[in-house]
Amino acid sequence: MPNRYAYLGPEGTFTEAALRDLRPDADEQSRVPCDGVAAVFDAVRAGVVDGGVVPLENSVEGGVTTTIAELIKGEPLLITGETAVPVEFALFARPGTVLEDVKRVATHPHALAQCRGWLARNLPDADAHTVSSTAAAARAVAEPGAPYDAAICAVIAGERYGLHALASGVGDRSDAATRFIYLSRAGTLPGPTGADRTSLVAFIADDHPGALIEVLNQFAVRGVNLTRLESRPTGDGLGSYCFCIDAEGHVAEARVGEALMGIRRVCRDVRFLGSYPRGGRATEIIPQMRPRSTTDADFAEAELWLARIRAGAMD
Ligand SMILES: O=C(O)C(=O)Cc1ccccc1
């Protein structure tokens with residue numbers, strides 16, 4: 001049977017565009033739209049699909065909380081791929097609607113947050129409603145007796161649901177991009193490519209001065225560059241946080257592996273979320289910027305030296 005991939009649907013979401021990017025050979029039958037981010041995780045966990053794609057973070061609005069909550073809790077899934085997609089928003093309505101008619105606008109919460117300036121300037125009296133995705137908003141607007149007059153969505157979604165564009169480029173930043181991740185069940189760690197990223201969640205052992213610095217130092221002293229750090233509540237009461245960390249490199253590399261071991265020692269718990277090829281704009285630190293003495297060969301040489309002195313040698 002051909003592989004099947006779940007994504008935040010319905011058809012026409014930015015997440016579908018990300019899936020097409022990550023699995024260009026997948027045909028329409030292989031793409032399984034889901035009603036929400038949690039449903040994508042559940043489909044992958046249950047094994048009804050081979051993998052799934054969800055939004056993780058946006059360059060303007062930050063982390064997608066439902067995705068981060070699922071990554072932190074529940075049966076763990078591995079991130080095995082990622083891609084960054086530029087997000088351009090347009091305002092679509094049923095044919096015949098003019099801008100002045102628009103009183104109720106529907107969209108995804110992340111899209112709304114990125115279009116607030118345009119809405120305030122152009123539709124100051126309209127009410128904004130959030131739904132599960134931008135394409136779900138477009139589909140709802142197209143339905144007979146729709147509860148909304150217009151949707152903020154991708155052009156492809158507006159056209160797919162038979163709407164017409166009232167305005168394009170309604171995002172407050174024209175350069176906005178969203179990072180999407182590809183999820184797999186455990187046991188499918190991709191090999192290192194030389195331009196990888198590693199994601200994990202660190203749960204601090206106990207609240208004390210310098211607890212976060214202890215975690216960050218594990219990366220710093222081994223020359224591992226961090227690309228994202230976000231604190232999220234664990235859900236176990238006020239003041240209880242975990243730290244979602246993305247770092248450059250692959251767990252198979254000595255500097256990353258040793259940093260993870262260090263974090264494992266200083267934390268109550270660590271959830272490894274995966275090592276996977278970096279997508280989108282390469283952010284690999286140029287080799288001469290990488291701190292000296294942090295290559296696999298440097299670590300191997302130091303390990304040999306330790307073995308020698310433990311065996312009684314003097315150097
Ligand atoms: O709603 C969509 O189309 C999505 O894929 C989620 C999303 C929403 C806003 C920006 C980027 C991704």
Side-chain angles (χ1 to χ4, degrees), residues 5-23 26 28 31-44 49 51-71 79 81-93 105-119 128-143 146 148 150-161 163 165 167-183 228 230 279-281:
Y5 311 103
Y7 69 95
L8 172 65
E11 289 176 18
T13 56
F14 291 104
T15 313
E16 186 193 348
L19 170 56
R20 285 168 181 265
D21 197 23
L22 286 159
R23 293 289 180 278
E28 206 175 327
R31 292 191 291 267
V32 181
C34 294
D35 275 344
V37 162
V40 175
F41 276 80
D42 288 344
V44 181
V49 290
V53 179
V54 289
L56 175 64
E57 61 165 337
N58 176 270
S59 59
V60 179
E61 193 37 25
V64 178
T65 46
T66 43
T67 299
I68 294 168
E70 288 288 337
L71 287 170
I79 304 173
E82 68 164 14
T83 186
V85 173
V87 285
E88 277 176 40
F89 300 107
L91 185 75
F92 273 85
V105 178
T107 193
H108 183 273
H110 256 60
L112 178 61
Q114 294 172 62
C115 300
R116 282 205 187 279
W118 188 92
L119 286 172
H129 301 261
T130 55
V131 292
S132 59
S133 71
T134 56
R139 190 176 61 182
V141 169
E143 277 163 13
Y148 315 114
I152 292 175
C153 57
V155 170
I156 183 170
E159 289 174 350
R160 187 179 307 238
Y161 295 103
L163 303 177
S168 58
V170 303
D172 298 330
R173 295 275 311 232
S174 58
D175 55 352
T178 297
R179 189 175 149 221
F180 296 84
I181 48 174
Y182 183 90
L183 301 163
R228 175 170 159 260
E230 189 166 349
R281 207 157 28 97

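Quick caveat, the model's predicted, so the values are computed rather than measured. One-based numbering, in listed order, for ligands and for the atoms of each.
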How far does OH of Tyr161 sit from CD of Glu143, to the nearest 0.5 angstrom? 10.0 Å
What are the polar N/O contacts of ligand 1 with the protein below 3.5 Å, with distances?
| unit_1 | atom_1 | unit_2 | atom_2 | d |
| --- | --- | --- | --- | --- |
| ligand 1 | 1 (O) | Thr134 | N | 2.6 |
| ligand 1 | 1 (O) | Thr134 | OG1 | 3.2 |
| ligand 1 | 3 (O) | Phe14 | N | 2.9 |
| ligand 1 | 3 (O) | Thr134 | OG1 | 2.4 |
| ligand 1 | 5 (O) | Phe14 | N | 3.3 |
| ligand 1 | 5 (O) | Thr15 | N | 2.9 |
| ligand 1 | 5 (O) | Thr15 | OG1 | 2.5 |

Gln114 and side-chain contact (heavy atoms from CB on, under 4.5 Å): which partner among Asp172, Val170, Asn58? Asn58
Is the Lys NZ or Arg CZ of Arg23 less than 6.0 Å from the centre of Tyr182's six-membered ring, within 45° of the axis? yes
Return a table of donor-acceptor pairs under 3.5 angstrom between the side chains of residues 60-68 and protein atoms on other chains or two or more places apart.
| unit_1 | atom_1 | unit_2 | atom_2 | d |
| --- | --- | --- | --- | --- |
| Thr67 | OG1 | Pro55 | O | 2.7 |

Classify the ring geometry of Tyr148 against His129: parallel below 30°, tilted from 30° to 60°, perpendicular beyond 60°. tilted
Paired with Leu112, the side-chain contact (heavy atoms from CB on, under 4.5 Å) test is passed by just one of Thr134, Thr107, Val105, namely Thr107
